[in-house]
Amino acid sequence: MARIADIGAAVIGTGFIGTVHVEALRRIGVQVRGVLGSTPERGAARAEALGVAQAYPSLEALLDDPSVDVVHVTSPNHLHVPQTKAILAAGRHVVCEKPLAMTAGESAELVDLAASSGRVNAVNFNIRFYPLHQHVRGIVANGELGDVRFVTGHYFQDWLLLDSDWNWRLEPDKGGSLRAVGDIGSHWLDLATFMTGQPIVEVMADLATFVQLRQQPRGPVETFSTERSADTVGREMATEDVATILLRFANGARGSVAVSQISAGRKNSLQWEIDGSTSAAAWDSETPDHLWIGHRDRPNEILLRNPALMGAAGRAAAALPAGHVEGFGDTFAALFRAVYADVAAGRPAARPPYATFADGHDEMLVGDAIAESARSGRWTAVPRTAAPTAPPLEVPAR
Ligand SMILES: NC(=O)c1ccc[n+]([C@@H]2O[C@H](COP(=O)([O-])OP(=O)(O)OC[C@H]3O[C@@H](n4cnc5c(N)ncnc54)[C@H](O)[C@@H]3O)[C@@H](O)[C@H]2O)c1
């Protein structure tokens, strides 16, 4: 069993989320050996800004560094598969950002490659790791809400509202053929299955593109950037701004989720409600330490995130005492603690608590069903070849 402090990591991609990975790795005590940017110059500038020892000039140079045990892939979506293949071929553990791949064919191949490598493989569905989500998974499994019947919610953002808003996610060859669904809907869908333990088996989806012509700046643009270039070129849009999706779960529960990147004022609003046969639960990402628990015949409750009042999984994901709000950045540290427990052991646990490549592939299959349903206008089964496995209950205690 390796010591966490002796494990070396490298991060590919130095944009919005690569920076969050670097900070969370440091927080859990993992050494960040270096970063890889889109160019050696950009990588070097970001390494300097982040206080990281070096920027590798290439992926080959990164993989030649024997002090790197784990590689985090935070590059744009189209690079996830080629980079992850190279990392696994070099015998390293991988944490890959979502979505795992551009197509389900590719993600299926990654599942096989990861399995035969024996390396730890994780997809960064960090929203599972809000402590209250870990706790809810436990109370649902313990039957505290009764049978899960109805799972509803939304994931709304506004950063692509205007035709002058631009990002690589708008280009299908970089972001994928599903945009709002692949980018943020994937988090909600993974979370719904994680908390309920119920795979989504059928979907009925409607996708719409309201901003059909966008102005692409001739230079690169960072995610959530507010700078606007005057030098632009018009681009026709092929991917959805919004999605409305009806869901059927394996146990017969029904659900719906609305996804949007054009909802003015909603910066990063994820909400969900689970209605069971005896009680209900609901959460809002803008108040992430509050869990609403609804009852029929007694007063409703608010559980303020509190290690002393949550189950073991919630406690393991929490870093701070009650009343000291934990948020988005903290979920990365909680997820990485679970991943690096397996890295320290040298191999994945039989049923890891974090999303594995198999979970990332399963989410790609749900995405395929959503795209097919939107095309055909019909209910569409998720095209699985094997029965999905329910996610496990607990994360390892720290
Ligand atoms: N889990 C989450 O909450 C979350 C949040 C945001 C983004 N993401 C995912 O993270 C990934 C990156 O998104 P982002 O918002 O940080 O984008 P970004 O545009 O801010 O950053 C991407 C970075 O990748 C770099 N890059 C481009 N080509 C590269 C190459 N060939 N080699 C190395 N680096 C390269 C870019 O220079 C940039 O620094 C996406 O897959 C996205 O879906 C996940």
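Only a predicted model underlies this, so the values are computations on that prediction, with no experimental measurement involved. The first residue in the sequence is number 1, and the count goes up from there. Ligands are counted one by one from 1 in listed order, and the atoms in each one are counted from 1 as well.
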With only distance considered, is Phe328 within less than 3.5 Å of ligand 1 through an N or O on each side?
no
Distance (rounded to the nearest 0.5 Å) between His21 NE2 and Leu50 CG
12.5 Å
So the atoms of ligand 1 within less than 4.0 Å of a heavy atom of His187 turn out to be 1 (N), 2 (C), 3 (O)
Between CZ on residue Arg128 and OH on residue Tyr354, distance to nearest 0.5 Å
11.0 Å
Quick note on ligand 1: atoms under 4.0 Å from a heavy atom of Thr74 include exactly 11 (C), 12 (C), 22 (C)
Taking distance alone, with no angle check, do Phe16 and ligand 1 share an N/O pair under 3.5 Å?
yes
For the CD atom of Glu372 and the CZ atom of Arg378, what is their distance to the nearest 0.5 Å?
10.0 Å
Hey, is Trp168 touching ligand 1 through its side chain, its backbone, both or neither, going by heavy atoms under 4.0 Å?
side chain
Considering the heavy atoms of Leu36, write down every atom of ligand 1 situated less than 4.0 Å from one of them.
33 (C), 34 (N)
To atom 43 (O) of ligand 1, the nearest of Lys98, Glu97, Arg46 on a heavy-atom basis is Lys98
Side chain, backbone, both or neither: which part of Ile127 comes within less than 4.0 Å of ligand 1 when only heavy atoms are counted?
neither
What are the two closest non-hydrogen atoms of Arg214 and Leu162, and how far apart are they?
NH1-O, 3.1 Å
Determine, considering heavy atoms only, which of Asn126, Leu59, Thr331 sits nearest to atom 3 (O) of ligand 1.
Asn126
Residues two or more places apart in sequence or in another chain: which of them pass ring pair (Phe, Tyr, Trp, His ring centres under 6.0 Å) with His187?
Phe125
If hydrogens are left out, which of Ser58, Pro76, Ser38 has an atom nearest to atom 24 (O) of ligand 1, that is, the closest non-hydrogen atom?
Pro76
Could you grab the distance from atom OG1 of Thr74 to atom CG of Leu79, nearest 0.5 Å is fine?
10.5 Å
Quick one: side-chain hydrogen bond (donor to acceptor under 3.5 Å, both in side chains) pairs with a partner in residues 247-257, sequence neighbours left out?
Glu202-Arg248
Can His295 and Glu301 be counted as having a side-chain donor-acceptor contact under 3.5 angstrom?
yes
Ligand-residue contact atoms, ligand 1 with Asn124, heavy atoms, under 4.0 Å:
1 (N)
By number and element, which atoms of ligand 1 are closer than 4.0 Å to a non-hydrogen atom of Asp183?
43 (O)
Distance flag, aromatic centroids of His93 and Tyr340, threshold under 6.0 Å
no
Taken to the nearest 0.5 Å, the spacing of Trp188 CH2 from Ser285 OG works out to 13.0 Å
Can you find an N or O of Asn167 that's nearer than 3.5 Å to an N or O of ligand 1?
no
What part of Thr14, side chain, backbone, both or neither, has a heavy atom within less than 4.0 angstrom of ligand 1?
both
For the residue pair Trp272 and His133, does the interplanar ring angle fall in the parallel (under 30°), tilted (30 to 60°) or perpendicular (over 60°) class?
tilted
Taking distance alone, with N or O pairs closer than 3.5 Å, would you say Leu79 contacts ligand 1?
no
Using a 4.0 Å cutoff against the non-hydrogen atoms of Ile12, which atoms of ligand 1 qualify?
33 (C)
Hey, which atoms in ligand 1 end up nearer than 4.0 Å to a heavy atom of Ser75?
11 (C), 12 (C), 24 (O), 40 (C), 41 (O)
With respect to atom 7 (C) of ligand 1, which of His78, His80, Arg169 exhibits the smallest heavy-atom separation?
Arg169
